[in-house]
Amino acid sequence: MAAIAVALVFAAYLFASKKAREDYRYAAERQLQIIALDLESTLEKYETLPYSVAYLPLTSQLLASPADAGLVQNLNATLKDIQAHAKVAAIYLMDSKGLTIAASNWDMPQTFVGQNFNFRPYFTEAIKGNAGRFYAVGNTTSIPGYFIAQPVYPAGVARGSTAPVGVIAVKISLNEFEQAWRSSEEAIALADKHGVVFLSNRTAWQYRSLHMLDEVVQRDIANTLQYVGSRIMPIFSLPKAERDGFGAYVARPIGRLGWQLMLFPAEGKAIRAGLQASVLCCLVLIVVAAFLGVYDQRRRRLQEGMAAQVALQQAAQELEHKIAERTGQLMTANQQLEQKYGKLKETELLLRSTQNELVQAGKLAMLGQMAAGITHELNQPLTAIRAFADNAGTFLSQGKVAQAAENLAHISHASARMGQIVGQLKGFARKSPQAVSAVDVTEAIHAAVRLLHSEFERQAVQLELSLGEGLHIQGDPVRLEQVLLNLLRNAMDAVENSAIKKIYIHLGTEQGKAIVRILDSGPGLPDEAVQHLFEPFFTTKPSGKGLGLGLAISSSIVQAMNGVLSARNSAGGGAEFIIAIPVGQAG
């Protein structure tokens with residue numbers, strides 16, 4: 001019986017799937033006929049357009065006088081107007097050598113004017129006096145289209161009585177068909193005479209062939225740049241997911257170039273129809289089997305009734321026992337859960353207390369680190385004050401009151417700067433936000449140089465500046481000066497024992513960032529020290545000359561302004577420190 005049922009189900013599948021294939025193929029042929037009529041109608045609609053444009057007086061006049069700018073402009077405007085009303089992609093005029101001298105897209109970036117298309121088959125055919133037709137991807141616009149070309153003869157000369165003097169071509173876009181086909185579940189494709197698909201609702205199939213092409217055809221396609229010179233591979237070489245639907249198809253010839261319009265009926269529909277028939281057959285067999293089994297079941301039901309009643313009573317008793325047992329387990333589990341919840345609350349309170357202590361410890365550690373760094377930075381303005389005070393005393397003893405006043409002004413500025421630095425430490429203790437404003441980088445560099453002016457003179461260090469004007473960043477001007485002062489002090493220390501003591505500061509922009517480069521003529525940085533320069537308490541200076549915090553603090557300040565502080569050895573010798581901060585962005 002089972003073998004007979006399987007055979008009936010299989011027979012139902014074969015019959016239904018075969019019938020569905022025939023129905024779908026007939027429907028596909030009707031759908032293909034409608035598509036073919038629409039496509040052929042569109043192709044034929046534009047057949048007379050280049051023929052008519054070829055008879056325009058302006059066309060032959062321009063070919064006779066191609067250097068006449070007025071004629072070129074008039075024909076360009078005329079072709080653009082015709083193109084807009086005819087709703088074609090482009091209309092253009094070529095001379096006998098294939099050079100485009102006028103086009104409807106003359107004012108577009110990808111204009112055809114000046115392009116030579118003598119390698120296209122539609123030109124070679126039209127220049128012989130025949131109508132030229134070709135489908136290709138535009139080598140200027142990379143947009144595919146159908147080209148129709150007609151020869152142009154001199155004015156007053158009968159058509160065909162002499163050699164053409166030029167060619168008029170019309171480019172027609174077929175993309176609207178491709179868009180319309182996308183609504184179809186079945187694959188639709190339009191292939192050329194070689195079997196190369198150039199229009200399809202399956203994007204992966206485009207510019208692939210129905211079969212393997214020989215080398216002669218491949219060379220012919222490449223020479224005409226029909227499909228942008230790419231080598232054509234068959235559809236069956238695609239991954240399985242992309243070639244889905246490729247198989248048996250119905251086809252109709254289209255156009256005058258040996259094209260073939262194909263529709264691939266969905267095989268899955270036929271399979272689904274067969275499966276549905278199989279399922280229906282199974283249901284019928286099940287119903288029949290059910291009827292046959294009803295009688296036997298009714299006979300047994302009376303016998304099983306008593307046994308079922310006894311089993312039901314036994315099951316009810318077991319169920320009551322299990323319910324009572326499970327209830328006890330749930331009560332025990334609930335008590336354990338309450339105990340664990342209490343411990344969890346205690347743990348959470350302990351965790352919160354510990355977390356608060358850790359946050360406070362972190363604040364104190366950060367405050368201590370910043371205080372140590374700012375103490376290090378205060379040494380710079382103190383040194384400047386001492387130098388300016390010495391100079392002011394010297395100037396006063398010499399009776400140079402103006403110079404002494406200038407040094408006293410510098411002392412005042414350095415004192416104010418010390419106040420600003422100390423104020424930053426107080427601000428950190430108060431948890432106040434950093435003030436962000438527009439900072440003139442050039443002015444910040446000049447301010448730092450002024451503070452160290454006497455140091456440069458005392459150590460006989462030559463300073464060379466290369467600065468622009470009007471370059472601003474968003475940040476803290478005082479902190480930027482701190483960074484510059486620290487880097488300049490390090491540069492002065494580096495050239496202290498050099499034969500040539502020179503420091504170079506350059507300001508510029510790269511990729512939307514302000515770039516400050518500080519180079520010195522010192523011995524450079526040890527290779528093993530470069531990767532540790534910006535670590536706290538790391539220094540290359542002798543003991544007692546530095547805490548190793550200056551570069552670490554400077555790097556943190558630059559990072560707070562969304563910038564980067566880096567160091568390297570210059571190709572010309574010495575060390576180079578680079579500050580890169582975005583222009584006009586908040587830090």
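Everything quoted here is computed from the prediction, not taken from an experiment.
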Side-chain donor-acceptor pair under 3.5 Å between Y227 and D192, yes or no? yes
Between F112 and Y92, is the ring centre distance below 6.0 Å? yes
Can any side-chain N or O of S184 pair as donor or acceptor with the backbone N or O of W181 at less than 3.5 Å? no
Is a side-chain donor or acceptor of D520 paired with a backbone partner of A575 at a separation under 3.5 angstrom? yes
Less than 4.5 Å apart, any side-chain heavy atom of V583 and any of L471? yes
Does H85, at its NE2 atom, have more than 12 non-hydrogen atoms belonging to other residues, nucleotides or ligands within less than 6.0 Å? no
Flag the pair E47 and R133 as a salt bridge only when some basic side-chain nitrogen lies within less than 4.0 angstrom of an acidic carboxylate oxygen. yes
Check: R243 side chain, L238 main-chain N or O, donor-acceptor pair, under 3.5 Å: yes
Please answer whether the main-chain N or O of V157 pairs with a side-chain N or O of S161 as donor and acceptor at a distance below 3.5 Å. no
Just how far is it from atom CD1 of I505 to atom CD1 of I518, taken to the nearest 0.5 Å? 5.5 Å
Is the count of non-hydrogen atoms from other residues, nucleotides or ligands lying under 6.0 Å from Q511 atom CD greater than 12? no
Is it true that R120 and E125 have a side-chain N and a carboxylate O under 4.0 angstrom from each other? no
Do the side chains of D244 and R202 get close enough for a salt bridge, i.e. N-O under 4.0 angstrom? no
Could you give the distance from CH2 (W106) to CD1 (I101), rounded to the nearest 0.5 Å? 15.5 Å
Can we call the ring centroids of Y55 and Y51 under 6.0 Å apart? yes
Compute the ring centroids of F246 and F264, then answer whether they are less than 6.0 Å apart. yes
Using atom types as modelled and distance alone, determine if a side-chain donor or acceptor of N105 lies under 3.5 Å from a backbone N or O of M108. no
First locate atom CG of L480, then atom CE of M561, and finally report the distance between them rounded to the nearest 0.5 Å. 5.0 Å
Is the Y135-F198 ring centre distance short of 6.0 angstrom? yes
Under a 4.0 Å N-O cut-off, is there an ion pair linking R231 with E215? yes
Examine distances only and state if a side-chain atom of D81 and a backbone atom of A77 form a donor-acceptor pair shorter than 3.5 Å. no
State whether the side chain of S237 and the backbone N or O of P234 hold a donor-acceptor pair below 3.5 Å, judged by distance alone. yes
When you compare the side chain of Q150 with that of L49, does any pair of heavy atoms fall below 4.5 Å? no
Please check if the side chain of N201 supplies one atom and the backbone of A187 the other of a donor-acceptor pair under 3.5 Å. no
Pairwise distance CZ(R479) to CG(L484) - rounded to 0.5 angstrom: 14.0 Å
Do the side chain of S65 and the main chain of A67 share a donor and acceptor less than 3.5 angstrom apart? no
Write down the atom of I168, the atom of P50, and the distance for their closest heavy-atom approach. CG2-O, 3.1 Å
In terms of heavy-atom contacts, Y207 and I232 come closest through O-CD1, 3.6 Å
With a 4.5 Å limit on heavy-atom distance, are the side chains of E40 and R256 in contact? no
Is there a donor-acceptor pair under 3.5 Å between the side chain of T100 and the backbone N or O of A102? no
Answer yes when R517 and E510 have at least one side-chain N-carboxylate O distance shorter than 4.0 Å, and no when they do not. yes
